[in-house]
2 protein chains.
Amino acid sequence: MFSKATEYALRATIYIAQKSSVVKKLSLSEIAKAIDSPPSFTAKILQLLTKDNCVIHSVRGPNGGFYITESNKQLPLKKVLEAINENELFDKCILGLKKCSETKPCPLHFQYKPIKQELIHLFQTNTIQELSEKADNESLFINNAI
Amino acid sequence: MFSKATEYALRATIYIAQKSSVVKKLSLSEIAKAIDSPPSFTAKILQLLTKDNCVIHSVRGPNGGFYITESNKQLPLKKVLEAINENELFDKCILGLKKCSETKPCPLHFQYKPIKQELIHLFQTNTIQELSEKADNESLFINNAI
DNA sequence: ATAATTAAAGACAAAAATACCTTTAATTAG
DNA sequence: CTAATTAAAGGTATTTTTGTCTTTAATTAT
């Protein structure tokens with residue numbers, strides 16, 4: 001469904017929302033370990049999420065790291081997909097037809113349409129904070145590597 | 001959502017169901033042209049679909065080509081995904097977690113579950129024939145390259 | 001000011017997906 | 001039987017994705 005990059009971005013964002021604050025930043029190595037992702041590749045992805053301060057923030061130097069503000073926790077998960085440029089999923093034809101549209105639909109178009117809407121709704125209505133709370137309850141990432 | 005390979009497989013299967021019969025086989029070049037796919041890559045994909053006669057059939061030599069039997073037209077689209085080994089989509093965690101399950105769910109698990117079910121249902125209930133008829137009505141692939 | 005720590009940036013490497021090409025095998029038509 | 005046609009098979013090439021490594025810049029602590 002999603003690329004590795006997107007999966008890591010979503011997991012990292014949720015983890016950062018769980019564990020960080022302006023006064024408690026998380027290092028790359030901690031994040032990568034927790035979400036079971038390759039550190040250097042994860043660094044690239046986190047950079048995308050910090051660009052224009054769109055989702056998370058970062059600070060260099062000792063005691064630096066990544067964190068997310070309370071206000072950014074109110075952003076929908078979709079924002080993460082946008083930052084990673086994986087947003088096309090939501091307007092692509094399921095058969096990959098460039099010309100597929102309401103007036104020239106592919107044979108799956110009208111059946112896939114409501115499913116796509118639900119997917120969009122899922123990522124639009126769930127905020128980063130809500131998901132981090134759910135992850136809290138499930139103590140999700142702690143043993144992820146196992 | 002799907003890989004190029006899967007998109008081509010689905011489009012080719014639908015096109016073959018539209019246009020072929022045991023007495024009217026379609027050549028690789030015709031299929032690739034119609035569904036707007038690279039011929040050589042499409043050849044590989046069609047080979048997967050003919051393995052064990054699982055979805056389509058092929059005959060070599062003059063007037064040879066690809067076709068699908070009436071009985072195979074009754075197969076669900078899901079069969080195509082299985083032939084291409086893209087079936088994992090339907091049991092993968094949306095966050096890519098290996099350990100995600102009913103008892104150890106990721107924060108999106110229970111919200112994604114019904115959507116996944118609908119996706120499975122879509123590919124399970126639609127037969128190749130039904131989709132080829134829909135494609136007929138929309139004269140879908142004829143001008144796909146445009 | 002200096003040294004230590006951390007992310008940013010950019011180059012590089014490996015793996016996977018996609019695409020192409022050549023040879024072989026099967027089939028048919030003549 | 002021979003030549004022509006078509007898919008099968010296998011190798012190669014390109015592109016994209018994923019992953020690594022090194023250098024640079026920022027920040028902090030001493």
Side-chain angles (χ1 to χ4, degrees), chain A residues 1-13 15-16 20 22-33 35-68 81 83-86 88-89 92 96, chain B residues 1-13 16 20 22-33 35-68 81 83-86 88-89 96:
Chain A
M1 178 112 204
F2 289 129
S3 65
K4 293 279 182 198
T6 300
E7 290 177 359
Y8 299 155
L10 290 169
R11 304 214 301 252
T13 300
Y15 182 74
I16 291 167
S20 84
V22 180
V23 296
K24 184 174 181 303
K25 301 175 192 80
L26 309 178
S27 71
L28 171 65
S29 62
E30 174 182 348
I31 295 167
K33 195 171 216 172
I35 69 169
D36 190 24
S37 66
S40 299
F41 189 45
T42 305
K44 299 292 181 192
I45 294 160
L46 294 182
Q47 274 181 46
L48 290 174
L49 295 175
T50 55
K51 278 269 166 56
D52 313 316
N53 291 333
C54 63
V55 177
I56 61 178
H57 292 251
S58 68
V59 174
R60 293 201 256 202
N63 304 314
F66 299 90
Y67 68 97
I68 187 169
L81 302 185
I84 303 293
N85 302 313
E86 185 121 17
E88 5 130 288
L89 172 72
K92 237 196 91 181
Chain B
M1 179 112 205
F2 290 129
S3 66
K4 294 277 183 198
T6 300
E7 290 177 359
Y8 299 154
L10 291 168
R11 304 213 301 252
T13 300
I16 291 168
S20 82
V22 179
V23 295
K24 184 173 181 303
K25 301 175 191 79
L26 308 177
S27 71
L28 170 66
S29 62
E30 175 183 346
I31 295 167
K33 195 170 215 173
I35 70 169
D36 191 24
S37 67
S40 299
F41 189 46
T42 306
K44 297 293 183 192
I45 294 161
L46 294 183
Q47 274 182 46
L48 291 174
L49 295 175
T50 55
K51 278 269 168 55
D52 313 316
N53 291 333
C54 64
V55 177
I56 61 177
H57 292 251
S58 68
V59 174
R60 293 201 257 203
N63 303 313
F66 299 89
Y67 67 97
I68 187 169
L81 303 185
I84 303 294
N85 302 315
E86 186 120 20
E88 7 131 286
L89 172 73

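None of these values were measured; they are calculated from a predicted model. So you know, we letter chains A, B, ... as the sequences are listed, proteins then strands, and number each from 1. Atom set for the values below is all heavy atoms of this structure, side chains included, hydrogens, waters and symmetry mates excluded.
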message: Please report the distance, rounded to the nearest Å, between CD1 in A:I16 and C1' in C:dT6.
response: 14 Å
query: Roughly how many Å is it from CD1 in A:I45 to P in C:dA8, rounded to a whole number?
result: 13 Å
- request: Could you state the atom-to-atom distance from CG of B:L49 to P of D:dA9 in whole Å?
  value: 14 Å
statement: DNA chain D nearest-nucleotide lookup for B:S27 and A:T42: closer to the 5′ end is B:S27
task: Evaluate the criterion side chain to side chain contact (heavy atoms under 4.5 Å, CB included) for residue pair A:I16 and A:L49; output intermediate values, then yes/no.
output: CA-CA 12 Å; A:I16 291 167; A:L49 295 175; 6.0 Å; no
task: List the steps, then state whether side chain to side chain contact (heavy atoms under 4.5 Å, CB included) holds for B:K4 with B:E7.
output: CA-CA 5 Å; B:K4 294 277 183 198; B:E7 290 177 359; 4.3 Å; yes
Could I get a table of every N or O pair under 3.5 Å where one atom is in the protein and the other is in nucleotides 23-29 of chain C?
| unit_1 | atom_1 | unit_2 | atom_2 | d |
| --- | --- | --- | --- | --- |
| C:dA26 | O4' | B:R60 | NE | 3.3 |

task: Measure from CD1 on A:I56 to C1' on C:dA7 and round the result to the nearest Å.
output: 11 Å
task: Enter the distance from B:L48:CG to B:E86:CD here, rounded to the nearest 0.5 Å.
output: 11.5 Å
- prompt: For D:dA7, does OP1 or OP2 lie under 4.0 Å from any side-chain N or O of B:T50?
  reply: no
Protein-nucleotide distance (B:L28, atom CG; D:dA7, atom P), rounded to Å: 6 Å
message: Walk me through whether A:L26 and A:Y15 qualify under side chain to side chain contact (heavy atoms under 4.5 Å, CB included).
response: CA-CA 10 Å; A:L26 309 178; A:Y15 182 74; 3.8 Å; yes
All N/O contacts under 3.5 Å from nucleotides 14-21 of chain C to the protein, with atom names and distances to one decimal?
| unit_1 | atom_1 | unit_2 | atom_2 | d |
| --- | --- | --- | --- | --- |
| C:dT18 | OP1 | B:K4 | N | 3.0 |
| C:dA19 | OP2 | B:Y8 | OH | 3.1 |

N/O (side chain, B:S58) to phosphate O (OP1/OP2, D:dT6) under 4.0 Å: no
Rounded interatomic separation in angstrom, taking CG from B:L48 and P from D:dA7: 16 Å
- prompt: So do the side chains of A:F2 and A:I84 get within less than 4.5 Å of each other, counting heavy atoms only?
  reply: no
statement: Atom CD1 of A:I84 and atom P of D:dT17 are separated, to the nearest Å, by 13 Å
Result block: side-chain N/O donor-acceptor pairs under 3.5 angstrom for residues 54-67 of chain B, not counting sequence neighbours:
none

query: Looking at A:Q47, does any N or O in its side chain come under 4.0 Å of the phosphate oxygens OP1/OP2 on C:dA9?
result: yes
- prompt: Just checking B:L26: base, sugar-phosphate only, or nothing, at a heavy-atom cut-off of under 4.0 Å?
  reply: sugar-phosphate
task: For residues B:T13 and B:A9, report the shortest heavy-atom separation together with the two atoms involved.
output: OG1-O, 2.7 Å
- request: Taking the side chain as every heavy atom from C-beta outward, state whether B:T6 and B:I45 have any atom pair closer than 4.5 Å.
  value: no
- prompt: Rounded to the Å, how far apart are A:F66 CZ and C:dT5 P?
  reply: 18 Å
Nearest non-hydrogen partners of A:A12 and A:I31, listed with the distance: CB-CG2, 4.0 Å
